[in-house]
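Predicted, not measured: the structure shown is a model, and the values here were computed from it.
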Amino acid sequence: ALNRRHIFSTHCAFFAVHLIPVSTTKNGGSSKSRKRIMPDPVTEPPTVDPVYEALLYCNIPSVAEHSMEGHAPHHYKLVSVHVFIRHGDRYPLYAIPKTKRPEIDCTLVASRKPYHPKLEAFVGHMLKGSGASFESPLGSLPLYPNHPLCEMGELTQTGVVQHLQNGQLLRDIYLRKHKLLPNNWSSDQLYLETTGKSRTLQSGLALLYGFLPEFDWKKVYFKHQPSALFCSGSCYCPLRNQYLEKEQRRQYLLRLKNSDLERTYGEMAKIVDIPTKQLRAANPIDSMLCHFCHNVSFPCSRSGCLGMEHFKVIKTHQIEDERERHEKLLYFGYSLLGAHPILNQTVNRMQRAALGWRDELFTLYSAHDVTLSPILSALGLLEARFPRFAARLVFELWQDRQKPSEHSVRILYNGADVTFHTSFCHDFHKHSPKPMCPLENLVRFVKRDMFVALDGSSTNYYDACHGEGA
């Protein structure tokens, strides 16, 4: 086996949070209540370490997480919360040809690690939901993973536990501390949406159960989203597709330049006795990450075994690709157009909440890495890591009780406050004592500045999508 315990002791860091006090002003409350954070892994490797990055990506549940969700001066009232998640740990989507599939059990067993105190109760509650009414075709999906040998892409017990933890963390902050929902909450105060994959529906249900244990099935309704971009009726966007094609071309050319990668693929293809092209098409890193995250030995054949050195080369290339992707503007262009519909929906909900509407106070989108990644890029969060399993991106809307007409937003990624790292609020805190970003900054960004950043000539989504090409 991979001896993950040794890997953890060597590479994994506990994340320390450095609290940075901001100067006190008469409007801002005490400095104690106005702290911002920057995530700072104490022992993060000084150079790219593929094993360290892979461990972060696995996001294996361990100690309770410290997060900055819900932190605000006492005179701020939480109005609404909008949560975007990537599904939890899953079985691979691709199999490496001529190798044995990793033997991972996708039934939920309370006595097996990773453990969560609500796991057994979660299964019991899902059994009561067999008649739940969800938007088609979600009603045909299983409510929890249940195969002794995982099916391709199936959520694992690790994935369920990751989102039970997420849900419980958000419950402690938003319900117990901030009373976001009343005890007799109604169905119209929740908005739940997921793609048509069992892993996203089940991840959403696990988070929801952690957030609202023993929820009333009659009050819960998941909407189906056909697109991983959550673009609803605004998915047709020719220019976005042009950016994507050029981005994919960039990826291809970067791979061609990497002689270590090509040599590694060649070695791996010989071991499993298939053409290199076929191995590459099978996306071996997806399967190898599953072996790695679950501490299962990499596959072998009569010619040898795939090994950690192969894994490191491919993972290092992924990290380099991610870095170049941020440097080139192709993916940024794709992200602005890809993320606009879902950001626009979120802003519209926030504006309604700011006007006093009491519906959709808690919004949950259960999604994919290809959903969160464009949003992070569009917001200008260039230093944000690629979405790990069970990643969460949270938008909070706050009202200043001292000035009830003023509303502010906070944005948090995996518990870290990244509000002032966004392009629309990067400079705001330099000349304002306020601990958050004005809602109007986000509204202006989504309704206008996203298009300005794209080409400077478009003023709306339709015109931007049908522009002259990237």
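- For Tyr57, the ring pair (Phe, Tyr, Trp, His ring centres under 6.0 Å) criterion is met by Phe389, not counting sequence neighbours.
- In this structure, Ser80 OG and Leu181 CG are separated by 11.0 Å, a value rounded to the nearest 0.5 Å.
- Every residue two or more places apart in sequence or in another chain that forms a ring pair (Phe, Tyr, Trp, His ring centres under 6.0 Å) with Phe311 is listed here: Phe292, Phe298.
- Taking the six-membered ring wherever Trp is involved, the centroid distance between the rings of Tyr209 and His125 falls below 6.0 Å.
- The minimum heavy-atom distance between Arg171 and Gly210, with the atom names listed, is CD-O, 3.4 Å.
- Neither side chain, Asn241 nor Lys246, offers a donor N or O lying under 3.5 Å from an acceptor on the other.
- Legend: ring pair (Phe, Tyr, Trp, His ring centres under 6.0 Å) pairs involving residues 146-166, not counting sequence neighbours: none detected.
- Residues Leu78 and Tyr76 fail the side-chain proximity criterion, which asks for heavy atoms closer than 4.5 Å.
- Side-chain atoms of Tyr331 and Ser373 include a donor-acceptor pair closer than 3.5 Å.
- Not one N or O on the side chain of Lys312 forms a donor-acceptor pair closer than 3.5 Å with the backbone of Val51.
- For the residue pair Ser62 and Gln165, the shortest heavy atom distance occurs at O-NE2, 4.0 Å.
- Taken to the nearest 0.5 Å, the CD1 atom of Ile271 stands 5.0 Å off from the CG atom of Leu306.
- In this structure, Phe332 has its ring center at least 6.0 angstrom away from the ring center of Tyr243.
- Using a distance-only test at 3.5 Å, with no hydrogens or angles considered, a donor-acceptor pair links the side chain of Gln189 to the main chain of Ser186.
- Closest non-hydrogen pair, Val443 versus Val347, comes out as CG2-CG1, 3.7 Å.
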From CA spacing to verdict: side-chain contact (heavy atoms from CB on, under 4.5 Å), Phe134, Leu192: CA-CA 10 Å; Phe134 298 149; Leu192 311 169; over 6 Å; no
Check against disulfide (SG to SG under 2.5 Å), Cys231 and Cys237: CA-CA 10 Å; Cys231 45; Cys237 186; over 6 Å; no
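- Checked by atom type, the side-chain pair Thr156/Asp89 shows a donor-acceptor distance below 3.5 Å.
- Using a 4.5 Å heavy-atom threshold, the side chains of Ile342 and Leu229 count as separate.
- For CD of Glu120, the number of neighbouring non-hydrogen atoms (other residues, nucleotides, ligands) closer than 6.0 Å is 12 at most.
- Judged purely by atom type and a 3.5 angstrom limit, His294 has no side-chain atom pairing as donor or acceptor with the backbone of His291.
- Other residues, nucleotides and ligands contribute more than 12 heavy atoms inside 6.0 Å of the NZ atom of Lys447.
- Distance check, rounded to the nearest 0.5 Å: CG of Leu336 to CZ of Arg240 gives 12.5 Å.
- Sorted by first and then second residue, the pairs that involve residues 339-363 and meet ring pair (Phe, Tyr, Trp, His ring centres under 6.0 Å), not counting sequence neighbours, are Phe211-Phe362, His340-Phe451, His340-Tyr461.
- Across every non-hydrogen atom of Gly129 and Leu143, the tightest pair is O-CD1, 3.3 Å.
- The closest donor-acceptor contact from the side chain of Thr371 to the backbone of Ala228 lies under 3.5 Å.
- Sorted by first and then second residue, the pairs that involve residues 166-185 and meet ring pair (Phe, Tyr, Trp, His ring centres under 6.0 Å), not counting sequence neighbours, are His178-Trp398.
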Take Val83 and Leu170 through the test side-chain contact (heavy atoms from CB on, under 4.5 Å) and record every step on the way to the result. CA-CA 10 Å; Val83 182; Leu170 298 183; 4.1 Å; yes
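- At a threshold of 4.5 Å between non-hydrogen side-chain atoms, the residues Leu244 and Gln248 count as touching.
- Side chains of Thr419 and His421: no donor on one and acceptor on the other come within 3.5 Å.
- Under the ring pair (Phe, Tyr, Trp, His ring centres under 6.0 Å) criterion, Tyr221 pairs with no residue at all, not counting sequence neighbours.
- Put simply, the side chain of Gln162 gets close to the backbone of Asn59: a donor and an acceptor are under 3.5 Å apart.
- Under 4.0 Å is where a charged nitrogen must lie from a carboxylate oxygen, and between Glu396 and Arg410 at least one such pair does.
- For Tyr191 (side chain) and Leu361 (main-chain N/O), no donor-acceptor pair under 3.5 Å exists by modelled atom type.
- Interatomic distance, Ile314 CD1 to Arg280 CZ, rounded to the nearest 0.5 Å: 10.0 Å.
- Taking all atoms of both residues into account, the shortest heavy-atom contact from Asn146 to Glu154 is N-OE2, 3.2 Å.
- Within 6.0 Å of atom NZ in Lys219, more than 12 heavy atoms from other residues, nucleotides or ligands are found, so the atom counts as buried in its surroundings.
- Shown here for Leu149 and Pro102, the closest heavy-atom pair between the two residues is CD1-O, 3.8 Å.
- In this structure, Arg90 does not pair ionically with Glu151, as no charged nitrogen and carboxylate oxygen lie closer than 4.0 Å.
- Between Lys177 and Asp172 there is no salt bridge, since no side-chain N of the basic residue sits under 4.0 Å from a carboxylate O of the acidic one.
- A donor-acceptor pair is defined here as one N or O able to donate and one able to accept, closer than 3.5 Å; such a pair exists between the side chain of Asp286 and the backbone of Leu93.
- Remark: Gln251 pairs with Glu247, Asp321 by the side-chain contact (heavy atoms from CB on, under 4.5 Å) rule, at least two apart or across chains.
- Counting only distance, with no hydrogens or angles, the side chain of Gln157 and the backbone of Arg112 share a donor-acceptor pair below 3.5 Å.
- Judged as a salt bridge (charged side-chain N to carboxylate O under 4.0 Å, His left out), the pairs with a partner in residues 358-370 (not counting sequence neighbours) are, in order, Arg86-Asp369, Arg349-Glu360, Arg352-Glu360.
- One finds a salt bridge joining Glu324 and Arg250 here, because a Lys/Arg side-chain nitrogen approaches an Asp/Glu carboxylate oxygen to under 4.0 Å.
- Under the rule for a ring pair (Phe, Tyr, Trp, His ring centres under 6.0 Å), the partners of Phe445 that lie at least two apart in sequence or sit in another chain are Phe424.
- Pairs passing the ring pair (Phe, Tyr, Trp, His ring centres under 6.0 Å) check and including a residue from residues 86-115, sequence neighbours excluded, read His87-His368.
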Which pairs of donor and acceptor atoms, one on a side chain in residues 200-208, lie under 3.5 Å apart (sequence neighbours left out)?
unit_1 : atom_1 : unit_2 : atom_2 : d
Thr200 : OG1    : Thr194 : OG1    : 3.0
Thr200 : OG1    : Thr195 : O      : 3.2
Thr200 : OG1    : Thr195 : OG1    : 2.9
Thr200 : OG1    : Lys197 : O      : 2.9
Gln202 : NE2    : Pro142 : O      : 3.0
Ser203 : OG     : Gly88  : N      : 3.0
Ser203 : OG     : Arg199 : O      : 2.7

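- Note: Met288 CE to Thr99 OG1 = 10.0 Å, rounded to the nearest 0.5 Å.
- Atoms OH and CG, from Tyr413 and Leu376 in turn, are 5.0 Å apart once rounded to the nearest 0.5 Å.
- For the side-chain hydrogen bond (donor to acceptor under 3.5 Å, both in side chains) condition, no pair includes a residue of residues 130-139, sequence neighbours left out.
- Using modelled atom types, one finds no donor on one side chain facing an acceptor on the other under 3.5 Å when comparing Glu193 with His224.
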